[in-house]
Protein chains: 2
Amino acid sequence: MDMKFQPIGREAITELLRVHGITPTSQRVKIAGILFAERAHFCAEQVYARVNEDDAEVSKATVYNTLGLFVAKGLVRQVFVEPGKVFYDSNAHPHHHFYDTGSGELTDIDALGVALHELPPLPADTELDSVDVIVRIRQRQPKIRPA
Amino acid sequence: MDMKFQPIGREAITELLRVHGITPTSQRVKIAGILFAERAHFCAEQVYARVNEDDAEVSKATVYNTLGLFVAKGLVRQVFVEPGKVFYDSNAHPHHHFYDTGSGELTDIDALGVALHELPPLPADTELDSVDVIVRIRQRQPKIRPA
DNA sequence: GTTAGACTTAGAACAATTCTAAGTCTATAA
DNA sequence: TTATAGACTTAGAATTGTTCTAAGTCTAAC
Ligand SMILES: [Mn+2]
Ligand SMILES: [Mn+2]
Ligand SMILES: [Zn+2]
Ligand SMILES: [Zn+2]
């Protein structure tokens with residue numbers, strides 16, 4: 001249940017991709033570099049913006065292809081909290097999230113491990129894939145006096 | 001934690017809407033009739049199809065407006081399990097879901113009440129909105145023999 | 001009956017994502 | 001080395017789900 005996070009050097013990224021059976025093309029290394037530079041939650045749009053912020057160009061299609069590939073290979077995890085936008089989570093380990101409905105910010109929740117306890121039995125002939133817990137929070141209102 | 005569900009007659013729907021501060025137009029009554037005829041998880045598209053399956057016409061805009069209104073008024077709840085499609089849940093009470101990643105089917109999980117237990121404290125100056133638990137499941141594979 | 005505001009509508013617009021079809025690169029094998 | 005097959009990338013078109021717009025219709029209050 002290691003929730004510590006250390007950023008990864010460029011050399012190590014190449015190796016990480018290889019280990020996961022991913023051919024480390026320049027685009028993929030660049031994208032992985034962004035994802036794993038910090039523990040963060042990016043949408044595809046943000047990755048696309050970051051990866052192209054200097055000069056070099058990586059196409060939108062490649063950003064989506066690569067993110068999809070990373071998900072398939074278990075390097076990265078998708079989080080669904082709102083309609084019409086997927087977040088890519090560079091922490092692929094099982095964990096949960098606070099979601100600030102005002103700001104849209106996602107924050108990791110460490111090793112909860114609780115949700116599973118009192119779950120009803122799974123439907124027949126099914127097996128567990130994952131358990132996602134989203135705790136929606138909002139900025140506390142200043143007390144409202146009745147008029 | 002009443003998880004029993006009884007369908008509602010047309011007269012009662014009108015009243016239900018009124019009670020929630022919603023003017024019961026014919027379109028709204030019709031849509032509510034679909035939503036509350038059974039405990040189910042519809043996407044907007046399905047509601048649109050159902051509401052227009054006889055002859056009468058309700059526009060797509062009205063379907064979206066109405067679903068949005070029902071959500072705002074707490075009659076109905078949105079569930080996000082996949083990118084690019086919102087489910088509208090006619091069970092607005094707090095509860096959780098199994099999501100079959102193969103078939104896309106959503107199933108209610110009764111009164112779990114557990115996830116809250118060991119939650120870390122909320123971030124400063126925030127208050128709880130809701131806790132969503134999605135248990136992703138998949139059809140069990142027949143045992144795979146190594147080749 | 002009038003009228004103001006609420007409601008509905010068709011269709012355009014939009015945002016996120018996927019697809020297409022054509023190039024480019026890369027890994028391996030002559 | 002070079003040839004080649006397949007993997008990869010690309011621009012832009014297409015698709016999907018949803019929201020917006022602007023114009024009409026209904027309704028409730030006077
Ligand atoms: Mn984002
Ligand atoms: Mn649906
Ligand atoms: Zn996370
Ligand atoms: Zn439900």
Side-chain angles (χ1 to χ4, degrees), chain A residues 13-15 17-18 20-35 41-52 54-73 75-89 104 106, chain B residues 13-15 17-18 20-35 41-52 54-73 75-89 104 106:
Chain A
I13 284 177
T14 296
E15 192 48 26
L17 296 187
R18 256 192 251 283
H20 284 259
I22 298 168
T23 308
T25 65
S26 73
Q27 293 89 341
R28 289 169 179 174
V29 170
K30 211 165 177 198
I31 291 172
I34 286 160
L35 293 174
H41 307 93
F42 298 103
C43 62
E45 192 56 44
Q46 284 177 307
V47 173
Y48 178 68
R50 288 257 198 128
V51 83
N52 288 317
D54 315 319
D55 50 340
E57 297 282 319
V58 178
S59 75
K60 201 161 280 194
T62 295
V63 169
Y64 278 101
N65 288 344
T66 301
L67 291 172
L69 180 67
F70 287 2
V71 169
K73 298 293 189 178
L75 271 172
V76 145
R77 181 156 130 36
Q78 291 181 313
V79 184
F80 311 118
V81 277
E82 288 218 326
K85 192 177 288 177
V86 177
F87 286 94
Y88 294 87
D89 190 336
L106 269 177
Chain B
I13 284 177
T14 297
E15 191 48 26
L17 296 187
R18 256 192 252 284
H20 283 262
I22 299 168
T23 308
T25 66
S26 72
Q27 293 89 340
R28 289 169 180 174
V29 171
K30 210 165 180 200
I31 291 171
I34 286 159
L35 293 174
H41 306 93
F42 298 103
C43 63
E45 192 56 43
Q46 282 177 308
V47 173
Y48 178 68
R50 288 257 198 129
V51 84
N52 287 318
D54 316 318
D55 51 339
E57 298 280 320
V58 178
S59 73
K60 200 160 279 195
T62 295
V63 169
Y64 278 100
N65 289 344
T66 301
L67 291 172
L69 180 65
F70 288 1
V71 170
K73 298 294 188 176
L75 270 174
V76 144
R77 183 156 130 33
Q78 291 180 313
V79 183
F80 311 118
V81 276
E82 287 218 326
K85 192 176 288 177
V86 177
F87 286 93
Y88 293 86
D89 191 336
L106 268 177

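Below, chains carry the letters A, B, ... as their sequence lines are ordered, and counting in each starts from 1.
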Measuring from the side chain of [X] (C-beta onward, heavy atoms only), which nucleotide among [options] has the closest atom?
{"X": "A/Ser59", "options": "C/dT9, D/dG17, D/dA11", "result": "D/dA11"}
{"X": "B/Gln27", "options": "C/dT8, D/dG17, D/dT9", "result": "C/dT8"}
{"X": "B/Val58", "options": "D/dT9, C/dT17, C/dT9", "result": "C/dT9"}
{"X": "B/Ala61", "options": "C/dA10, C/dT17, C/dC7", "result": "C/dA10"}
{"X": "B/Asn65", "options": "C/dT8, D/dC8, C/dT17", "result": "C/dT8"}

- Query: What is the nucleic acid contact for B/Thr62, judged by heavy atoms within less than 4.0 Å: base, sugar-phosphate only, or nothing?
  - Reply: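 Base: the residue B/Thr62, judged by heavy atoms under 4.0 Å, touches a nucleobase.
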- Message: Working note: B/Phe87 + B/Gln78, criterion side-chain contact (heavy atoms from CB on, under 4.5 Å); need CA distance, chi angles, decisive distance, verdict.
- Response: CA-CA 6 Å; B/Phe87 286 93; B/Gln78 291 180 313; over 6 Å; no
Nearest whole Å is fine: how far is [N] [atom2] from [X] [atom1]?
{"X": "A/Leu67", "N": "D/dT9", "atom1": "CG", "atom2": "C1'", "value": "15 Å"}
{"X": "A/Glu45", "N": "C/dC14", "atom1": "CD", "atom2": "C1'", "value": "13 Å"}
{"X": "A/Lys85", "N": "C/dC14", "atom1": "NZ", "atom2": "P", "value": "17 Å"}
{"X": "B/Leu69", "N": "C/dA6", "atom1": "CG", "atom2": "P", "value": "13 Å"}
{"X": "A/Lys60", "N": "C/dA15", "atom1": "NZ", "atom2": "P", "value": "11 Å"}
{"X": "A/Glu57", "N": "C/dT24", "atom1": "CD", "atom2": "P", "value": "16 Å"}

- Message: Looking at D/dT18, I'd like to know if its phosphate oxygens (OP1 or OP2) sit under 4.0 Å from a side-chain N or O belonging to B/Tyr64.
- Response: yes
- Query: Where each residue is assigned the nucleotide of DNA chain C containing its nearest heavy atom, which of B/Thr23 and B/Pro83 is assigned the position nearer the 5′ end?
  - Reply: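 Nearer the 5' end of the strand: B/Thr23.
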- Indicate the atoms forming the closest heavy-atom contact of B/Gln46 with B/His41, along with that distance.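 Closest approach of B/Gln46 to B/His41: OE1-O, 3.7 Å.
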